[in-house]
Each structure stands twice: as C-alpha cells, then as structure tokens.
Trainee: 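This is the structure I have questions about; it appears just below.
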Amino acid sequence: MPQIYDRIEELCKENGITVTTLCSECAIPRASLSDYKNGRTKTLSADTLAKIAKHFGVSVDYLLHRTNVKTPYP
C-alpha cells in the first residue's frame, strides 16, 4: 500500500471518519483512492491531495511524507 494512502488512513482514524466519509466530504471519487491503494493507478492528482490536506488542516508535503510536520506552511 502506498505511503500516501497510509497517511490518509491515519488521518481519518485520528479524526474518527472513514476514507469513504472523507471522499464524500471532499467531493473526491472513492474509486480514485481505491485505485491508488490497490496499485491500479500510481498517482493522485494535485487537486485531490489539496482537498485532503485542506480537510485535515495539514500540508500536502505532510501527505507526501516530505515532512512530519502537520501544520501547513504560512
């Protein structure tokens, strides 16, 4: 499973929601995350990552494992 998906699942658990709920709240097709998780696609769009980051109040770099600091840049 890709590391980005791991981080998304972790954030969902911390916030008491499912990945399906996240997708619904962010207007992201659930299939896009399922395809990514199962290796049917290798990337997530910048728009998708931005929506997820905004929803959780973290930076896209945090989702991408480029930093362990959750807080978005000022």
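Throughout, residue positions are numbered sequentially from 1 according to the sequence presented.
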Trainee: Can you tell me how far CG of Leu63 sits from CD of Glu10, rounded to the nearest 0.5 angstrom?
Mentor: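 Reported to 0.5 Å precision, the distance equals 10.0 Å.
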Trainee: Under the salt bridge (Lys or Arg N to Asp or Glu O under 4.0 Å) definition, can you give me all pairs with a residue in residues 60-74, not counting sequence neighbours?
Mentor: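 Residue pairs with at least one partner in residues 60-74: Glu14-Lys70, Asp61-Arg66.
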Trainee: Applying side-chain contact (heavy atoms from CB on, under 4.5 Å), can you list everything that pairs with Ser24, at least two apart in sequence or on another chain?
Mentor: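 Counting only residues at least two positions away or on another chain, Ser24 forms no side-chain contact (heavy atoms from CB on, under 4.5 Å).
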Trainee: Starting from the C-alpha separation in whole Å, work towards a yes-or-no answer on side chain to side chain contact (heavy atoms under 4.5 Å, CB included) for Thr67 and Ser59.
Mentor: CA-CA 9 Å; Thr67 182; Ser59 68; 4.1 Å; yes
Trainee: What are the two closest non-hydrogen atoms of His55 and Cys26, and how far apart are they?
Mentor: CB-SG, 3.5 Å
Trainee: Give a yes or no answer on whether the side chain of Arg7 reaches the backbone of Leu64 with a donor-acceptor pair at less than 3.5 Å.
Mentor: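 No, the answer is negative, given that no donor and acceptor are paired below the 3.5 Å cut-off.
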Trainee: Quick one: pull up CD in Glu9 and CG in Leu22 and give me the separation to the nearest 0.5 Å.
Mentor: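 It comes to 11.0 Å.
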Trainee: CG of Leu44 to NZ of Lys37: how many Å apart, nearest 0.5 Å?
Mentor: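 Spacing of CG (Leu44) from NZ (Lys37) equals 13.0 Å.
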Trainee: Would you list the atom pairs, donor with acceptor, under 3.5 Å between side chains in residues 46-54 and any protein atom, with sequence neighbours excluded?
Mentor:
{"residue": "Thr48", "atom": "OG1", "partner": "Ser45", "partner atom": "OG", "Å": "2.9"}
{"residue": "Lys51", "atom": "NZ", "partner": "Ala27", "partner atom": "O", "Å": "3.4"}

Trainee: Roughly how far, to the nearest 0.5 Å, is the OH atom of Tyr62 from the CG atom of Leu11?
Mentor: 5.0 Å
Trainee: Measuring only between side-chain heavy atoms, which start at C-beta, is Tyr5 closer than 4.5 Å to Asn38?
Mentor: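 Contact flag for Tyr5/Asn38 side chains = no.
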Trainee: Run the side chain to side chain donor-acceptor pair (under 3.5 Å) test against Asn15 and tell me which residues pass, sequence neighbours left out.
Mentor: none
Trainee: Tell me every residue that passes side chain to side chain donor-acceptor pair (under 3.5 Å) with Ser32, counting only those two or more places apart in sequence or in another chain.
Mentor: none
Trainee: Under the rule for side chain to side chain donor-acceptor pair (under 3.5 Å), what residues qualify as partners of Thr41, not counting sequence neighbours?
Mentor: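 Partners of Thr41 by the side chain to side chain donor-acceptor pair (under 3.5 Å) criterion come out as none, since no residue qualifies.
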Trainee: Only counting residues at least two apart or in another chain, list the ones meeting side chain to side chain donor-acceptor pair (under 3.5 Å) with Tyr36.
Mentor: none
Trainee: Please list all pairs meeting salt bridge (Lys or Arg N to Asp or Glu O under 4.0 Å) that have one or both residues in residues 15-27, counting only residues at least two apart or in different chains.
Mentor: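 Non-adjacent pairs meeting salt bridge (Lys or Arg N to Asp or Glu O under 4.0 Å): zero.
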